[in-house]
Amino acid sequence: MDWREAQRTGGPTFRFAPSPNGHLHLGNAYSALLNDRLARQAGGRFLLRFEDIDEERCGTAYESVIEADLSWLGLAWETPVRRQSARFADYGIMLDSLVGRSLAYPCFCTRGMIREATRGTRVTDPDGAPLYPGTCRSLSAAERCRRLASPGKRDWRLDMTAALRAVDAPLDWEEIDPDSGASRRIAAEPAAWGDAVIARNATPASYHLCVVVDDADQGVTDVVRGHDLLPATSLHRLLQQLLDLPAPRYRHHRLILDEAGHKLSKSRGAPSLRDLRHAGIEAATVKRRLGF
Ligand code: GLU
């Protein structure tokens, strides 16, 4: 597939990409409605993609509810809907390409080992996880082979230093303000992620790898998602550059907060769209509350 061709011929293409590991809340509804509105304004496509690589936590029961919620909001999307769980072979090819160029390496550390190795340091990645100290980066080839041949957990990590060396120009991206439409360039700072996990044993990919591969493969020209994912875009730009994938335009939108000013989340008990729907609340009321 020629990624650039997909972008050029497909026209403006937007996507809403929930993880079907729970029910949608108002924050997700805002994201979906904004994607849909921008796609319509641009005369473009609106895709739905299920980011279900965590097969233990994701399920088709959630997918059906998400589709019912989105239909209730009046949204329509192209079919068939993409499921990332069907695409592990493609992510594997991308991972192999990074490993083959010594830009990624296997890591055998458990969470506990990393916690132990980073005890006393406060440096975290943008997600708040301890920055990986690089323990497995320096394993010999023979040791790697030996450990890969034995059963047990392994992740694949990007070798950040090697990756940054492999991209010659400074990285940035086009960020468009979703409200004003103003465009600016933001400099990517992927080093803050350290040797990020790009694939896990049980799932031969991670969010960061899958999202850039699928956005390119689906010809996505415009990524519209919550502001909490802004730091991840630095890492995504790096992966796009390493894998020779085109960069979409990005719009990171405001988050919908609860009365206490917290980001809505399933774990904090934010009401789901399904609950609102079942309580007889009108979709128009929800949309008005969100500014649509
Ligand atoms: N699957 C991600 C989520 O549910 C969204 C990813 C994205 O829009 O890039 O938070």
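No experiment lies behind these values; they were computed from the predicted model shown. In listed order, ligands and their atoms are each counted from 1. Sequential numbering from 1 along the given sequence is applied to the chain's residues.
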*Asks:* Rounded to the nearest 0.5 Å, what's the gap from CG on Asp159 to CZ on Arg137? Could you check?
*Replies:*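 One finds 5.5 Å between CG of Asp159 and CZ of Arg137.
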*Asks:* If you round to the nearest 0.5 Å, how far is CG of Leu34 from CZ of Arg251?
*Replies:*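 Between Arg251 CZ and Leu34 CG, I get 8.0 Å after rounding to 0.5 Å.
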*Asks:* Quick one: list whatever passes ring pair (Phe, Tyr, Trp, His ring centres under 6.0 Å) with Trp72, sequence neighbours left out.
*Replies:*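 For Trp72, no residue satisfies ring pair (Phe, Tyr, Trp, His ring centres under 6.0 Å) once neighbours in sequence are set aside.
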*Asks:* According to ring pair (Phe, Tyr, Trp, His ring centres under 6.0 Å), who are the partners of Phe50, at least two apart in sequence or on a separate chain?
*Replies:*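 Applying ring pair (Phe, Tyr, Trp, His ring centres under 6.0 Å) to Phe50 gives none.
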*Asks:* Remaining members of Ile176's ILVMFWY cluster at a side-chain heavy-atom cut-off under 4.5 Å?
*Replies:*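 Its cluster mates, by chain and number: none.
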*Asks:* Residues around ligand 1, heavy atom under 4.0 Å from any ligand atom, sorted by chain and number. Can you pull those?
*Replies:*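 Answer by chain and number: Arg15, Ala17, Pro18, Ser19, Glu51, Tyr207, Val211, Arg225, Leu229.
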*Asks:* I'd like to know whether the aromatic ring centres of Trp193 and His208 sit less than 6.0 Å apart in this structure.
*Replies:*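 Between Trp193 and His208, the centre distance is under 6.0 Å.
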